[in-house]
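Report on one structure; see the data block that follows.
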Amino acid sequence: MSVKVSVVIPVYNPGEYIEDCISALLRQSLPDDEYEAIFVDDGSTDATPARLDELAAAHPHMHVIHQESSGWSGKPRNVGTAAAKGEFVMYVDNDDWLGDEALERMYDYGVENGADVVIGKMAGKGRPVPVELFRVNRPRADVSNAPLIDSLTPHKMFRREFLESKGIKFREGRRRLEDHVFVVETYLRAANISVLSDYLCYYHIKRDDASNAGFQRFDPVGYYGNLREALDIVEKYTEPGKLRDGLYRRWLRNEMVERLRGKRLLSLPEDYRAELFREIRGVVTERFGPGVAAGMQPTQQVVAALVRDDRLGDVEELARWESGIKPTGRLESLGWDGGSLKVGFTAEYQVFDEPMTFRTAGGEDLLDPPLAEETLATIARLGVSTQAPVEKSKVDLVVRERSTAAEFFQPVEFTRERIEAAGDPTFRQELRAEATIDPETAANGAPLGDGIWDILFRISSCGWTKEARLGSVRADQVEAERLGALSGSPRRVVLPYWTEPHGNLSLDVDLATSRIDRDVRALAPEDVLIDGGRVELPLPLAVDPSSGTETVALRFKAEGAPEAVHSNGTLSKDPKGAVLTAELPGGLLPGHTWNMALGFPSARRGKPRWTPLPTALVVAADGTIAAGAAAAPSAGRPAAKNPAAKKSASPRKKRSFPARVAGQLKRGLFG
């Protein structure tokens, strides 16, 4: 059978980090004879060459090429591409790794849509990845109808015949942005580009030692010299006008203006800051016409204009103001409705812990930065608008899986509220939103996998896009609204909870932590009702009557009794959550205290997960039954492990990062 995909991995002294990459490649769902991995060892001096030789000897579809060090990734990628036999070539860095079905899904999607380039959804573990690009699947994308230009790393799948026929290769030697040059040319010359967003294909990982090449401080002269090569490609394959300006804008915004803003600029040494500014100004004045900056947000336009006018001091003053800007949010409501969690919240920007204000002048809404009069006069002289397009402000809610950083946007409805004071020309803007999290569709139409999902909100307004956790500031009634629910088929528990010590909102999906134990531990004997052979007790769960009968198991154990006895209880809706009603089973021997445990359904276990209750059934010698405190284990016998006794909700026994995510993928995480 012909090879469908060749994975090319440039390798240089990755140490232990390459093991995650290797493991993910060996787990691919494509049959071994339908893909190959080509590791190009670029003169590694650690134990990696021997490790790769061992890998290739054990697995016929794993290959290794050894070469002298070339200094950067371009030559190893070209060498790997030349050796590739696959219909498509996929580039992976040696410290990153793939989702288990990534190659199969990306290949099938590319063939289905006749794509020359296939871009799979990315997650960034400590590294930024495109966000807007992966909101939805984009089977037929190009630079004019999708934000492809936001993704210029090479971690994509390319049709090999396309690369060969167009003569597209990586620039070689020790250089920066060789991936920009390569990727932007493929974008501009491809017949079609497909973006796969409903499965997490690529994990972009920041090493614990932060030794990835992209995290090293660069030489501004060489960096912006290499950046000009990417601009040359755009100039070669586009005509002057709106499209070219829009593409150029990506480099002006990301590689220039954003490096000169807020804490990012102020954290740099003064001499390096000045050198960086000088090189950026050289590109701006040489290459960019007025249409490039004109399409940016007002704050970005101000920085670009100050750069062009050689005003580093004013850029630094603006950065000091921007360094204090952060988003703030308040959780207003939380509750289940029809199987979905409704999250109501308000959000706005603050500056140094005070609400951000705007001002109105001449019928326009304007930014209101507290800058020196001279700086404001310079901005006015340059003719840069400080208009504040608050009518375009928006807020999103995102769920992010903690161990993988996989994130997904949730449906949200919001209003923009203008808050003014009488006689004051300034005003605040507050965004009031309600988001809907359906655990069975929240991962771009697929169920959320088991694990911890953190809840974040993201404000986009006037040139800033910033995010923060939600929940530490909340309305008083929200605690009573914080209930778990049974979801999916087979059923599993989805539990909102507050993190410690910060009190942010997270979701525990399928009992990944012991947090449910802490909630049920609050039950007291008086909460348990014994009536006519039945036991009733409240549970911190929301019940959706439209879902049909919900059941939770009960287990009864007593010291000295031959075995545990069981009963299944049904849930009914209650103003404070749910009530569990169960028939008392036979076999509750008199003269014993029967400790109770709840058996919450768990899809990943395939059996109940037992949570001990602090209450018990005390069966007297005459057979009468009353609720009492749970009996302690007998002396000399080790106490049963009870996660409820822990001070905080802690994850289950940790597995290695790749092993954990591999398990999640097999259980259906991310599609």
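Residue numbers start at 1 and run along the sequence shown.
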**Prompt:** Under the side-chain hydrogen bond (donor to acceptor under 3.5 Å, both in side chains) test, which residues partner Glu36, sequence neighbours left out?
**Reply:** Ser6, His63
**Message:** Please give me the minimum heavy-atom distance between Ala406 and Trp453, naming the atom from each residue.
**Reply:** O-CZ3, 3.8 Å
**Complete:** Sorted by chain and number, sequence neighbours left out, ring pair (Phe, Tyr, Trp, His ring centres under 6.0 Å) with Phe600 holds for none
**Asked** Side chain of Glu500, backbone of Trp498: donor and acceptor closer than 3.5 Å?
**Response** no
**Request:** Can you sort out the partners of Asn113 under side-chain hydrogen bond (donor to acceptor under 3.5 Å, both in side chains), two or more places apart, ordered by chain and number?
**Result:** none
**Request:** Go through the side-chain N and O atoms of Thr186 and Lys156 and say whether any donor and acceptor fall under 3.5 Å apart.
**Result:** no
**Heavy-atom side-chain contact between Arg138 and Pro147 under 4.5 Å** = yes
**Asked** What is the ring orientation for Trp97 with Tyr203, classed by angle as parallel under 30°, tilted 30 to 60°, or perpendicular over 60°?
**Response** parallel
**Item:** Under 3.5 Å donor-acceptor, Arg140 side chain and Gly114 backbone
**Value:** no
**Prompt:** Can you tell me how far CG of Asp396 sits from CG of Leu456, rounded to the nearest 0.5 angstrom?
**Reply:** 11.5 Å
**Asked** Name the one of Val143, Val234, Leu188 that satisfies side-chain contact (heavy atoms from CB on, under 4.5 Å) with Leu243?
**Response** Val143
**Item:** With sequence neighbours excluded, residues passing side chain to side chain contact (heavy atoms under 4.5 Å, CB included) with Asn13
**Value:** Ser44, Thr45, Asp46
**Asked** So Tyr91 and Phe170, would you call those rings parallel, tilted or perpendicular, with 30° and 60° as cut-offs?
**Response** perpendicular
**All pairs passing ring pair (Phe, Tyr, Trp, His ring centres under 6.0 Å) where residues 35-54 contributes a residue, at least two apart** = Tyr35-His61
**Request:** Enter the distance from Ile149:CD1 to Leu133:CG here, rounded to the nearest 0.5 Å.
**Result:** 11.0 Å
**Request:** Taking all non-hydrogen atoms of both residues into account, name the closest pair between Thr48 and Gly15 and its distance.
**Result:** OG1-N, 4.0 Å
**Request:** Using atom types as modelled and distance alone, determine if a side-chain donor or acceptor of Arg250 lies under 3.5 Å from a backbone N or O of Gly246.
**Result:** no
**Message:** How long is the straight-line distance from CG of Leu98 back to CZ of Arg27, given to the nearest 0.5 Å?
**Reply:** 9.5 Å
**Prompt:** Any idea how Tyr223 and Phe218 line up, ring-wise: parallel (<30°), tilted (30 to 60°), or perpendicular (>60°)?
**Reply:** parallel
**Request:** Check side chain to side chain contact (heavy atoms under 4.5 Å, CB included) between Asn504 and all other residues, then give those that pass, not counting sequence neighbours.
**Result:** Arg469, Ser472, Thr499, His502
**Message:** Does any part of the side chain of Leu486, heavy atoms only, come nearer than 4.5 Å to the side chain of Pro601, both counted from C-beta?
**Reply:** yes
**Asked** Which residues pass the salt bridge (Lys or Arg N to Asp or Glu O under 4.0 Å) test with Arg77, sequence neighbours left out?
**Response** Asp93, Glu178
**Complete:** Smallest heavy-atom separation, Ser602 atom then Asp510 atom, equals OG-OD1, 3.0 Å
**Item:** Charged N-O contact under 4.0 Å between Glu440 and Arg492
**Value:** yes
**Request:** Please answer whether the main-chain N or O of Met256 pairs with a side-chain N or O of Arg259 as donor and acceptor at a distance below 3.5 Å.
**Result:** no
**Prompt:** If only atom types and distance count, is the side chain of Tyr199 paired as donor or acceptor with the main-chain N or O of Gly120 below 3.5 Å?
**Reply:** no
**Message:** Going by side-chain hydrogen bond (donor to acceptor under 3.5 Å, both in side chains), name the residues that satisfy it together with Arg261, two or more places apart in sequence or in a different chain.
**Reply:** Glu258, Thr299, Glu322
**Asked** Which residue pairs pass the ring pair (Phe, Tyr, Trp, His ring centres under 6.0 Å) test when at least one of the two sits in residues 118-148, sequence neighbours left out?
**Response** none
**Message:** Quick one, Pro130 and Glu132 - any side-chain contact, counting heavy atoms below 4.5 Å?
**Reply:** no
**Lys206 backbone acceptor or donor facing Arg127 side chain under 3.5 Å** = no
**Minimum side-chain heavy-atom gap Leu152-Tyr187 below 4.5 Å** = yes
**Asked** Distance-only, no hydrogens or angles: does the Arg244 side chain make a donor-acceptor pair with backbone N or O of Glu235 under 3.5 Å?
**Response** yes
**Message:** Distance alone, cut at 3.5 Å: any donor-acceptor contact between the side chains of Tyr12 and Ser73?
**Reply:** no
**Complete:** Across all chains, not counting sequence neighbours, the side chain to side chain contact (heavy atoms under 4.5 Å, CB included) partners of Val131 are Glu407, Phe409, Arg458
**Prompt:** Does Asn192 use its side chain to pair, donor to acceptor, with the backbone of Pro139 at less than 3.5 Å?
**Reply:** yes
**Message:** So, taking the atom named CG in Asn137 and the one named OG in Ser197, what distance separates them when rounded to the nearest 0.5 Å?
**Reply:** 5.0 Å
**Complete:** On a heavy-atom basis, the closest approach of Leu448 and Ala443 is CD2-N, 4.1 Å
**Prompt:** Does Tyr248 have any ring pair (Phe, Tyr, Trp, His ring centres under 6.0 Å) partners at least two apart in sequence or in another chain, and if so, which?
**Reply:** Phe288
**Message:** Taking Asn145's backbone N and O only, do any of them form a donor-acceptor pair with Asp142's side chain (distance below 3.5 Å, no angle check)?
**Reply:** yes
**Request:** Could I get the full list of side-chain hydrogen bond (donor to acceptor under 3.5 Å, both in side chains) partners for Asn226, not counting sequence neighbours?
**Result:** none
**Prompt:** Rounded to the nearest 0.5 Å, what separation is found between the CD atom of Glu467 and the CG atom of Leu397?
**Reply:** 11.0 Å
**Asked** Where is the tightest heavy-atom contact between Arg515 and Tyr497, given as atom of each residue plus distance?
**Response** CG-CB, 3.4 Å
**Asked** Are side-chain N/O atoms of Asp42 and Ser70 paired as donor and acceptor at under 3.5 Å?
**Response** yes
**Asked** Is the shortest heavy-atom distance from the side chain of Leu148 to the side chain of Val195 under 4.5 Å?
**Response** yes
**Asked** How about Ile38 and Ile9: do any of their side-chain heavy atoms sit closer than 4.5 Å?
**Response** no
**Request:** Look at Asp454 together with Arg402 and state whether they make a salt bridge at an N to O cut-off of under 4.0 Å.
**Result:** yes
**Message:** Strictly below 4.0 Å, N to O, side chains only: are Asp219 and Arg174 in salt-bridge contact?
**Reply:** no
**Message:** Using 0.5 Å steps for rounding, measure from the CH2 atom of Trp251 to the CD1 atom of Ile280.
**Reply:** 15.5 Å
**Request:** Indicate whether any N or O donor in one side chain lies under 3.5 Å from an N or O acceptor in the other, for Ser29 and Asp100.
**Result:** no
**Request:** Test salt bridge (charged side-chain N to carboxylate O under 4.0 Å, His left out) on Arg253 and Asp150 and set out the steps.
**Result:** CA-CA 11 Å; Arg253 181 183 63 242; Asp150 291 346; 3.4 Å; yes
**Asked** Sub-3.5 Å donor-acceptor pair from the side chain of Asp116 to the main-chain atoms of Arg159, do we have one?
**Response** no
**Item:** Pair Lys236 + Glu185, salt bridge at N-O below 4.0 Å
**Value:** no
**Asked** Closest heavy-atom contact between Ser460 and Thr465?
**Response** OG-OG1, 3.2 Å
**Request:** Just do the side chain to side chain contact (heavy atoms under 4.5 Å, CB included) check on Asp198 and Leu196 with the steps written out, would you?
**Result:** CA-CA 6 Å; Asp198 60 6; Leu196 178 66; 3.2 Å; yes
